[in-house]
Structure formats: C-alpha cells, structure tokens
Amino acid sequence: MTQKFEKSSRKTKDSIFNDLAWSRSDALNRMLAELFEIASHGDENRRAQVARPEAEPRTSFGEDARQASQRSRISGVYVISVAARLAEMHPQTLRKYDKEGLVRPQRSEGSRRLYSDSDVERLRVIRRLADDLGLNLNGVSLVLDLVRSLTDIVSLLESSPEVSDTRAARVAADELRQILSYVGAD
DNA sequence: CTTCTCACA
DNA sequence: TGTGAGTA
C-alpha cells in the first residue's frame, strides 16, 4: 500500500496520498497503540486479555493471524482464472491489482498467484468501491486502509469493559459498524 | 512487459 | 486530447 504511493511520481495529487499513507501507517498506528494502552490500563489480568490488533499481522479485513489460519485451513485456494471468475473480474485486472499492491495473493513454487477466500472477498469489495461508488484506485486503496483502521477501532471499543461499558463507546461502535457495512466490509 | 480500447473531462 | 482503468 505505502509502497504503491512511494512508487508514484505524480506531483500534487499523489503527494497528498503520500501524506495520508504516512499518517495512517505511523501516526494513526501509534495512536491506536496508545488507545489500547489506555483501554487496558490499571488491570494487569485483563490487560493480557485485551485484543491488540497491531500486535498481530493482518490480512484483508482485520482478521488476526489465528483467524486467517483457521480460515485458510477450511477455505480453498484458487488460481487466478478461478479467482477472477469468483470475483467476476478479468484475470488481467487481478494481475494489475497485484502489481499495484491492492490485492497480494500468495505465490506457489512456480510463482503462480494463489488467491484465498479473503482475497476474493477483498476483490469483491474493490469492485463495489470502484464500479458502484466510482472511486479510482487511489481512492480504493485509501478506503481499504480506513476500513482496516476502523475495524481496529471497533475491536478496541469492544475489547475492554472500561471502554465498552460506556454508552459513548457503544454508540461509536454502532456508527463505525454502519460505515463498514456501507463500504461492504462487514 | 507493451499496446490497445474506451470513458471521461 | 491527456489520463486512468481495463483488456489483448
């Protein structure tokens, strides 16, 4: 994602996206980490139980590594032609998205792209954002980043009783879930 | 990879 | 007529 923005050489518009990408990957992630510290403050026993999205490597939509491995155990792996059919897209489009860093499938020994179910799900979200909502690919990248951040925030709001017991937290979590479902990332 | 079409402003 | 997205 960030890589995509760095690679771009366009001046005005892409420099804005560069700043946004930097803001997300650095400042926002720090803020989320601090929020999780606050959420788990003062209770060492509970601290260990609080979910920490930034602590685990992530896949498409806020899945942690454990969920992803559970999913991959039961879900199929598709070559590009099958994945394209499932996502109702042209295989060339998938190659382009891979090059742009929008969807990064696993690779086989022969360097063939292997798409998981979550990859296909992500492709469907992209199709909705691009085709239905008319976003360009930079906009899609931005929204997918925001979705990931909002997903982290929702899990924060639901993770710690100190936070989730407040009315404000419940209202905020409901609001964010509505936004995520509108984007199609629920 | 490059090249082409197509939509759009 | 230049640019972005998708396609050949």
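Just so it is clear, the model here is predicted, and its values are computed rather than measured. Below, read A as the first sequence line, B as the second, and so on, with proteins coming before strands; counting in each chain starts at 1.
- Smallest separation of non-hydrogen atoms from A:Leu114 and A:Asp119: O-OD2, 4.0 Å.
- Annotation: salt bridge (Lys or Arg N to Asp or Glu O under 4.0 Å) contacts of A:Glu175 (sequence neighbours excluded): none.
- In summary, A:Asp98 and A:Arg107 engage in a salt bridge, as defined by a charged side-chain N under 4.0 Å from a carboxylate O.
- C:dG6 atom P lies 14 Å from atom CG of A:Asp98, rounded to whole Å.
- Distance A:Met89 CE to C:dG6 P: 7 Å, rounded to the nearest Å.
- With rounding to whole Å, A:Ile80 atom CD1 is found 12 Å from C:dT7 atom P.
- Between A:Tyr97 and C:dA5 there is no side-chain N or O to OP1 or OP2 distance below 4.0 Å.
- Per the geometry, CD belonging to A:Gln92 stands 15 Å off P belonging to B:dT3, to the nearest Å.
- Rounded to an integer number of Å, the gap from CG of A:Asn136 to C1' of B:dC6 is 17 Å.
- Atom-to-atom, CZ of A:Arg127 to P of C:dT7 comes out at 11 Å; the value is rounded to the nearest Å.
- Atom CG of residue A:Leu176 and atom OG of residue A:Ser155 lie 10.5 Å apart, to the nearest 0.5 angstrom.
- Here the P atom of nucleotide C:dT7 and the CG atom of A:Leu94 are 9 Å apart, to the nearest Å.
- Contact between the side-chain N/O atoms of A:His90 and the OP1/OP2 oxygens of C:dA5 is not found at any separation under 4.0 Å.
- In DNA chain B, stems built from 3 or more consecutive Watson-Crick or G-U wobble pairs, each with both distances under 3.5 Å, span B:4-9 with C:1-6.
- Spacing between atom NZ of A:Lys96 and atom P of B:dC1 amounts to 13 Å, rounded to whole angstrom units.
- Salt bridge annotation for A:Arg177-A:Glu158: present, with a cationic side-chain nitrogen under 4.0 angstrom from a carboxylate oxygen.
- In this model, a donor atom of one side chain and an acceptor atom of the other lie less than 3.5 Å apart for A:Tyr78 and A:Asp117.
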